[in-house]
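Take a look at the structure below.
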Amino acid sequence: MDTDQRVVRRSTPYSRALIAVAAVAFGLLIYAVIWSNQQDELPQLLDVQSATTAVLGTTGAILARGQYARAVRPSIGWFGRVTADAAPAGRLAWICYAVNGAQDSCTVSDVGYQVVLTGDPVSDSGRWTSMEHATSAMEGRGLTSGSDFHLNLISPGQPITADRRLYVGWFTEAAMAEVRDVYVRLRVVDRVGDTHERVLELMRGAERQPAHPNIHLS
């Protein structure tokens, strides 16, 4: 499964509309060049100088928009660690967080889940389900939500800022024995309206038989 961040949708008014206007400007420039050679046969719409100015203006706007979109683009990642503070009775659990490494914030637009249970065939069907369905799949293996594992409700509209991590879920040793992989498809919208997608592979690097909590200096 591809877990790299990618752009899944560009903002229509701030991207496609600019491209459409630029295309019209190029068309007018071509027409103006043709008109300059056949003035007696065609009506004038714009002179060559005005059409050239329109092309330069729209092209500059597209370049400026692209540069700004790159500056505010989110950088979504995730990490996990072993903790004794999440699961009941102080049991050790693998807890996962999503983070935004960019300077600008973004907003969650959609969340999808895929759960691969131990013994299930490897699949990359691309079928994403709700948190409730993912929870039910794990409970079907005799696990209890809130005791053996927990998935956080991440709702559309929730911001992910650069200075805060987003809690995703935790899994005890009992849960990780029954669950091989948990994928979370996180879609976010940035300041210019572009939609970005990152698939979080929660079990990557997981300590499935944790002996002690991870120690972090920061």
Shared hydrophobic cluster for V192 and V21 (ILVMFWY, side-chain gaps under 4.5 Å): no
Qualifying side-chain hydrogen bond (donor to acceptor under 3.5 Å, both in side chains) pairs, either residue in residues 160-171, two or more places apart: H150-Y167, T161-D163, Y167-W170
For Q5 against P74, the heavy-atom pair lying closest together: NE2-O, 2.7 Å
side-chain hydrogen bond (donor to acceptor under 3.5 Å, both in side chains) contacts touching residues 203-212 (sequence neighbours left out): E201-R204, E207-N214
Residues forming a side-chain contact (heavy atoms from CB on, under 4.5 Å) with P156, sequence neighbours excluded: none
Beyond-backbone contact of I160 with L186, side-chain heavy atoms, under 4.5 angstrom: yes
Residues clustered with L29, ILVMFWY side-chain links under 4.5 angstrom: F26, V33, V48, V55
Residue pairs, two or more places apart or on separate chains, that pass salt bridge (Lys or Arg N to Asp or Glu O under 4.0 Å) and touch residues 93-118: D104-R191, D110-R185
Residue pairs involving residues 55-72 (criterion side-chain hydrogen bond (donor to acceptor under 3.5 Å, both in side chains); sequence neighbours excluded): R65-D194
Where at least one partner belongs to residues 147-157, residue pairs that pass salt bridge (Lys or Arg N to Asp or Glu O under 4.0 Å), sequence neighbours excluded: R91-D148
Those residues that, when tested against E132, pass side-chain contact (heavy atoms from CB on, under 4.5 Å) (two or more places apart): S130
Check against side chain to side chain contact (heavy atoms under 4.5 Å, CB included), V184 and V111: CA-CA 7 Å; V184 178; V111 183; 3.8 Å; yes
ring-ring contact (aromatic ring centres under 6.0 Å, His included) partners for Y113, two or more places apart: none
S50: side-chain contact (heavy atoms from CB on, under 4.5 Å) partners, not counting sequence neighbours: L46, D47
Transitive ILVMFWY cluster of V7, excluding itself - 4.5 Å side-chain cut-off: none
Student check: side-chain heavy atoms of F171 and L202 closer than 4.5 Å: yes
Residue list, side-chain contact (heavy atoms from CB on, under 4.5 Å) with S109, at least two apart or on another chain: R187, V189, T195
